[in-house]
A.B. asks: 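Next up is a structure, given as structure tokens.
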2 protein chains.
Amino acid sequence: MAEPSTAPGNGETIPAPAHAGEVRAEAPARIQTIALVDDDRNILATLSISLQAEGFATRVYTDGEAALKALLDNPPDLAIFDIKMPRMDGLSLLQALRAQSSLPVIFLTSKDEEPDEALGLAMGADDYIAKPFSQRLLVARIRAILRRSELVRAPIDADSGESLPDTVVRGRLQLDPARHQVAWDGTPVSLTVTEFLILEALAMRPGVVKSRNQLMDAAYSEDVYVDDRTIDSHIKRLRRKFRAVDPEFAAIDTLYGAGYSFADG
Amino acid sequence: MAEPSTAPGNGETIPAPAHAGEVRAEAPARIQTIALVDDDRNILATLSISLQAEGFATRVYTDGEAALKALLDNPPDLAIFDIKMPRMDGLSLLQALRAQSSLPVIFLTSKDEEPDEALGLAMGADDYIAKPFSQRLLVARIRAILRRSELVRAPIDADSGESLPDTVVRGRLQLDPARHQVAWDGTPVSLTVTEFLILEALAMRPGVVKSRNQLMDAAYSEDVYVDDRTIDSHIKRLRRKFRAVDPEFAAIDTLYGAGYSFADG
DNA sequence: TTATTTTTCCCCAGATTTGACGGAAAAGGG
DNA sequence: CCCTTTTCCGTCAAATCTGGGGAAAAATAA
């Protein structure tokens with residue numbers, strides 16, 4: 001198996017390539033570093049390449065103790081441990097790490113290790129992923145966790161900062177993302193999760209046409225695909241529920257051949 | 001492309017049946033191509049047929065090296081590799097491919113393979129599927145991945161970035177791609193998707209003559225060919241719709257023998 | 001487990017859109 | 001001015017899309 005340029009020894013930081021493979025806008029792109037700890041060098045190499053392609057810098061360790069030291073000394077933004085490792089396994093490593101650090105950690109587990117999940121999470125891992133897994137899933141989890149920890153780290157700036165608008169109002173629609181609650185002219189309408197997500201995607205950008213694919217993206221995780229008509233079904237039920245409250249309801253427009261949109265106020 | 005068309009069973013592009021099963025939203029039907037790499041011709045044949053039935057075009061390779069070359073030369077929309085293959089196995093193939101391309105890849109794995117070794121390494125792929133799998137599952141995964149890569153390519157919208165150049169104004173014409181909305185002197189004109197795309201192509205470059213072929217490219221994602229007269233028909237409908245709003249409308253010029261253009265403002 | 005929701009899929013009838021045709025009209029060339 | 005080429009326009013049948021009604025499948029709750 002081809003090895004990465006340098007033998008995956010311990011701790012070299014491999015910068016991400018300049019043109020990160022995937023597009024990610026967000027903040028003024030600071031390259032984030034991820035530490036990988038696993039005894040299998042092939043896995044390390046593959047993971048490393050994948051993550052670099054996604055725009056992360058990586059640091060790899062095959063030895064738990066060495067890793068621990070480095071993680072404390074010069075913490076990355078996130079660490080990924082294999083649960084099973086020879087000298088010092090992932091759980092012990094996490095335990096030792098947690099004594100001094102709150103670094104975000106993702107566990108890798110083999111399929112046949114159900115109980116470890118609970119255990120790992122209880123011990124303070126931020127997430128765990130069962131092998132084998134897709135690159136897509138891993139990257140999604142990583143980004144989710146990094147986003148979360150950034151929010152914590154950069155807490156509610158000024159006092160005024162907490163200004164997350166509780167409810168979004170779009171004409172006669174009131175929508176409360178935090179509570180998953182919706183009302184029309186003040187009358188509450190009870191929606192299922194999927195319905196809510198689709199409505200939210202539409203209502204957040206009134207007038208903008210959302211294709212069925214875009215709505216799927218809003219309502220489902222990235223690795224799920226459902227039939228286009230399924231979106232239609234949800235729209236159907238949304239309309240029905242709103243019509244039950246207001247027979248004249250017509251705020252969800254169909255754009256033949258394009259998708260749906262929420263009527264501008 | 002430098003086709004290694006000599007190698008039997010390598011690289012024939014098999015067109016999908018005319019009436020593809022799936023619906024397209026934004027731009028009219030572009031048939032997507034999937035490359036299949038596997039040493040087992042039976043599997044290739046079966047997969048190929050299944051996928052064609054779902055409206056994909058397929059390209060099959062039994063040889064890893066030939067596949068690599070073709071994938072780089074003339075990339076499909078997505079590739080599916082069997083992990084185990086004689087000359088160049090799926091893992092090496094992926095690694096080699098990843099060095100130069102971010103083409104979406106799905107791995108096929110056998111159930112009885114060393115779970116940790118092989119599967120752990122499959123992580124550089126975008127997704128993997130364990131054999132045996134249902135056709136339904138495979139197609140769902142494929143669509144999920146294609147949807148995602150389409151979404152990446154298309155939208156700049158994002159939740160936060162309000163910085164969308166919303167409407168394009170060309171003289172008395174206002175045109176809003178995101179909303180699929182068009183107005184003349186402020187009066188809305190309702191267009192179909194095809195009409196919209198053609199008008200957009202013209203209006204984006206006022207005064208520039210667009211040949212019918214160019215307009216076709218704008219309206220049909222490059223795979224579909226229709227009669228020249230059909231463009232005329234769309235122009236006709238466009239003019240009619242605008243004239244309904246402004247009898248003097250004359251912003252779409254005919255360039256005899258060349259094509260059409262949108263009048264400079 | 002069984003009972004309820006929720007979600008997905010399928011199918012059809014009715015609308016809408018589309019590509020193509022044919023003849024009339026307009027433009028260009030000599 | 002005549003003839004040829006190209007475009008315009010009305011029309012129509014075919015293709016495509018949408019709105020629902022359900023039923024089957026999954027997910028949740030009890």
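Chain letters run A, B, ... following the sequence lines, proteins first and then strands; every chain starts at 1.
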A.B. asks: Distance check needed: D:dC9 C1' versus B:D228 CG, whole Å only.
C.D. replies: 17 Å
A.B. asks: Using a 4.0 Å heavy-atom cut-off across all strands, classify B:Y225 as base, sugar-phosphate, or nothing.
C.D. replies: nothing
A.B. asks: Provide a list of protein-nucleic acid N or O atom pairs under 3.5 angstrom, restricted to nucleotides 24-30 of chain C.
C.D. replies:
{"from": "C:dA27", "atom 1": "N3", "to": "B:Y256", "atom 2": "OH", "distance (Å)": "3.4"}

A.B. asks: So which nucleotide from D:dG19, C:dA20, C:dT8 ends up closest to the side chain of A:S233?
C.D. replies: C:dT8
A.B. asks: Side chain of B:R229 only, please: which of D:dT18, D:dT7, C:dT8 is the nearest?
C.D. replies: D:dT7
A.B. asks: Please list, for nucleotides 2-6 of chain C, all pairs of protein and nucleotide N/O atoms separated by less than 3.5 Å.
C.D. replies:
none

A.B. asks: Looking at residues at least two apart in the chain, or sitting in another chain, which of them share a side-chain hydrogen bond (donor to acceptor under 3.5 Å, both in side chains) with B:R212?
C.D. replies: B:D232, B:Y260
A.B. asks: For B:E200, give me all partners under side-chain contact (heavy atoms from CB on, under 4.5 Å), at least two apart in sequence or on another chain.
C.D. replies: B:L175, B:P177, B:F196, B:L197, B:M204
A.B. asks: What about B:K236, does its side chain sit under 3.5 Å from the base of D:dT11 through a donor-acceptor pair?
C.D. replies: yes
A.B. asks: Show me the pairs that pass side-chain hydrogen bond (donor to acceptor under 3.5 Å, both in side chains) and involve residues 248-259 of chain B, at least two apart or across chains.
C.D. replies: B:R239-B:T254
A.B. asks: How about B:R229: does its CZ atom have over 12 heavy atoms from other parts shown lying under 6.0 Å from it?
C.D. replies: yes
A.B. asks: Could you tell me, to 10°, how much the axis swings from one end of the helix from C:dT1-D:dA30 to C:dG30-D:dC1 to the other, five pairs per end?
C.D. replies: 40°
